[in-house]
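Chain naming here is simple, since letters A, B, ... match the order of the sequence lines and numbering starts at 1 in each.
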There are 2 protein chains.
Amino acid sequence: MNQRPPQYLKLKHHILRHITNGDWPPLSRVPSENELVSKFGISRMTVNRAMRELADAGMVTRTQGAGTFVAERKAESAMFEVRSIRDEIISRGQKHTVEILIRELVSARPVTARQFALPTGTELYHSRLLHRADDEPLQLEDRFVNPVCAPDYLEIDFYKEIPHQYLMRTAPLQRIEHAIEAEAASKRLARLLAVEPGSPLLTLTRRTWSHDHVASYVRLSYPAGKFRFVGAFNAGDFKTP
Amino acid sequence: MNQRPPQYLKLKHHILRHITNGDWPPLSRVPSENELVSKFGISRMTVNRAMRELADAGMVTRTQGAGTFVAERKAESAMFEVRSIRDEIISRGQKHTVEILIRELVSARPVTARQFALPTGTELYHSRLLHRADDEPLQLEDRFVNPVCAPDYLEIDFYKEIPHQYLMRTAPLQRIEHAIEAEAASKRLARLLAVEPGSPLLTLTRRTWSHDHVASYVRLSYPAGKFRFVGAFNAGDFKTP
DNA sequence: GGTACTAGATGGTATAGACAACTTTGGGTC
DNA sequence: GACCCAAAGTTGTCTATACCATCTAGTACC
């Protein structure tokens with residue numbers, strides 16, 4: 001009757017599949033424990049464990065008496081949140097403006113293609129935006145997007161919805177890879193960010209996965225002193241009453 | 001019989017207290033589920049839930065057939081791991097050397113005292129170490145330590161055990177706060193790290209908590225191009241079999 | 001001394017049932 | 001319509017039991 005993958009894991013994956021496929025959109029209702037009990041013929045304790053672990057992972061939210069619902073913000077749980085630069089600027093009380101420098105369809109160069117694990121020459125969307133806070137350049141965003149994961153990426157009105165928001169909405173995020181480093185500004189970057197050539201920049205490189213493909217590869221560059229990445233981590237629950 | 005805090009939480013906190021107090025050192029054995037069942041008069045399923053959640057949080061490790069044991073590496077679970085620079089260098093296949101520049105007891109200046117939430121003038125340990133990889137400066141480590149949390153900090157043989165290891169071993173880590181930024185090298189930093197003044201540095205600032213106090217405040221500076229922080233994050237389990 | 005096996009201990013999962021706490025809903029009353 | 005209240009639905013917790021998989025220690029054997 002019960003086979004190698006435990007029942008609670010099978011149920012977890014069943015739920016996850018519906019969520020990441022998109023047929024259970026954010027905020028929609030997940031079947032109640034008793035419904036799942038009768039549908040899958042497993043006990044309620046087992047269903048409860050599966051749902052509780054999904055809630056711990058932040059995929060669903062549960063409310064006693066109300067029900068279980070697909071969570072909206074999926075990937076923003078880990079430290080060094082993938083936060084929208086627009087939200088960042090606005091929450092500082094500054095004015096956010098964005099300038100579109102590039103928006104095109106390109107053939108992947110070897111170095112870029114390798115990031116996507118795709119053959120050289122594959123067509124990719126490419127955008128380059130400059131974000132300003134109170135009219136001062138804050139972030140230069142150079143982004144490549146896999147057309148398979150976001151077919152109408154070039155059609156977005158970047159002035160209304162920045163790429164980050166679009167991708168979060170469209171593609172169910174599976175994995176994120178970060179690298180943060182410091183570098184000296186090249187002449188081109190210095191000109192765009194209004195700093196001296198050779199002055200320090202803070203650069204975040206990020207790859208995201210969706211539907212088991214690399215969905216995007218982006219480089220975010222900030223002038224030193226104007227931005228920093230922060231995060232916190234708590235061990236266990238660590239309250240000792 | 002059962003009161004407001006659920007039984008499984010009471011048990012979790014009971015175990016956690018023994019671990020953070022230090023009377024159950026790392027790798028020591030935690031009572032088996034059946035022992036806890038008879039000791040606390042609760043059912044095994046409840047004990048199992050408590051222990052499973054502690055294992056998920058990384059506080060203990062469990063092995064079927066063997067038992068449950070206090071985990072050794074407590075805080076290295078979050079992304080942007082708190083990894084020892086020595087391990088980092090050695091795992092790159094380079095030679096690690098460390099030079100002790102400062103090792104002293106100081107009265108906290110206002111800006112430092114504020115980081116510790118302590119009054120100005122409180123005595124703190126201060127150390128400054130320079131780590132080299134294959135004789136090239138890689139990291140300058142400027143560290144303040146709360147004597148309450150690590151009384152014999154100044155007595156360590158930094159050549160054998162770098163501060164990071166000592167602190168991990170001594171103080172049960174409760175919380176970590178990070179900030180990563182880029183900066184231009186001051187003359188002093190440039191000289192120590194063997195770079196040009198004004199050239200880009202990557203700087204990590206970190207505070208750690210232990211026993212409900214700020215235990216340490218450290219600034220780690222790296223020459224640009226020689227180091228970067230990497231991390232990854234997976235949503236849910238996200239395998240969809 | 002070394003090796004192979006076995007019995008016991010331990011954690012991993014699952015069940016059926018129960019009660020409690022909480023939310024929503026619908027009906028009844030004013 | 002506005003309000004109150006009871007009923008139904010949902011999640012949170014807990015129990016007692018069961019069977020299985022794995023590891024350990026001790027024993028018997030060579």
S.K.: Using the side-chain heavy atoms of B:Met45, tell me which of these nucleotides is nearest: D:dC14, D:dT17, D:dA21.
M.R.: D:dT17
S.K.: Under 3.5 Å, is there an N or O donor on one side and an acceptor on the other linking the side chain of A:Arg49 and the base of C:dG12?
M.R.: no
S.K.: Assess whether a salt bridge exists between B:Lys226 and A:Glu181, defined as any Lys/Arg side-chain N lying under 4.0 Å from an Asp/Glu carboxylate O.
M.R.: no
S.K.: Write down the distance between CD1 (B:Ile42) and P (D:dT17), rounded to a whole number of angstrom.
M.R.: 16 Å
S.K.: Looking at B:Tyr8, I'd like to know whether one of its side-chain N or O atoms comes within less than 4.0 Å of OP1 or OP2 on D:dT13.
M.R.: yes
S.K.: Do any side-chain nitrogens or oxygens of A:Arg52 fall under 4.0 Å of OP1 or OP2 in D:dT11?
M.R.: no
S.K.: Taking the six-membered ring for Trp, are A:His213 and A:Phe116 ring centroids under 6.0 Å apart?
M.R.: no
S.K.: Which nucleotide in the list C:dT13, D:dC23, C:dT15 gets nearest to the side chain of A:Pro6?
M.R.: C:dT13
S.K.: On DNA chain C, compare the nucleotides closest to A:Ser43 and B:Arg44; which residue's is nearer the 5' end?
M.R.: B:Arg44
S.K.: Does the ring center of B:Phe229 lie less than 6.0 Å from the ring center of B:Tyr222?
M.R.: yes
S.K.: Considering only side-chain heavy atoms of B:Thr46, which listed nucleotide, C:dG12, D:dC14, C:dT10, is closest?
M.R.: D:dC14
S.K.: For the pair made of CD in B:Glu53 and P in D:dC14, what is the distance, rounded to whole Å?
M.R.: 11 Å
S.K.: So, is the end of the B:Arg207 side chain (NZ or CZ) under 6.0 Å from the ring centre of B:Tyr217 and within 45° of the ring's axis?
M.R.: no
S.K.: Looking only at the side chain of B:Asn48 (C-beta and beyond, no hydrogens), which of the listed nucleotides D:dT10, C:dT13, D:dT11 gets closest?
M.R.: C:dT13
S.K.: Side chain of A:Ala66 only, heavy atoms from C-beta on: which candidate in C:dT23, C:dA21, D:dC23 is closest?
M.R.: C:dT23
S.K.: Output the rounded distance in Å from CZ (A:Arg62) to C1' (D:dG12).
M.R.: 9 Å
S.K.: Once you round it to whole Å, what is the distance between C1' of D:dA25 and CZ of B:Arg29?
M.R.: 12 Å
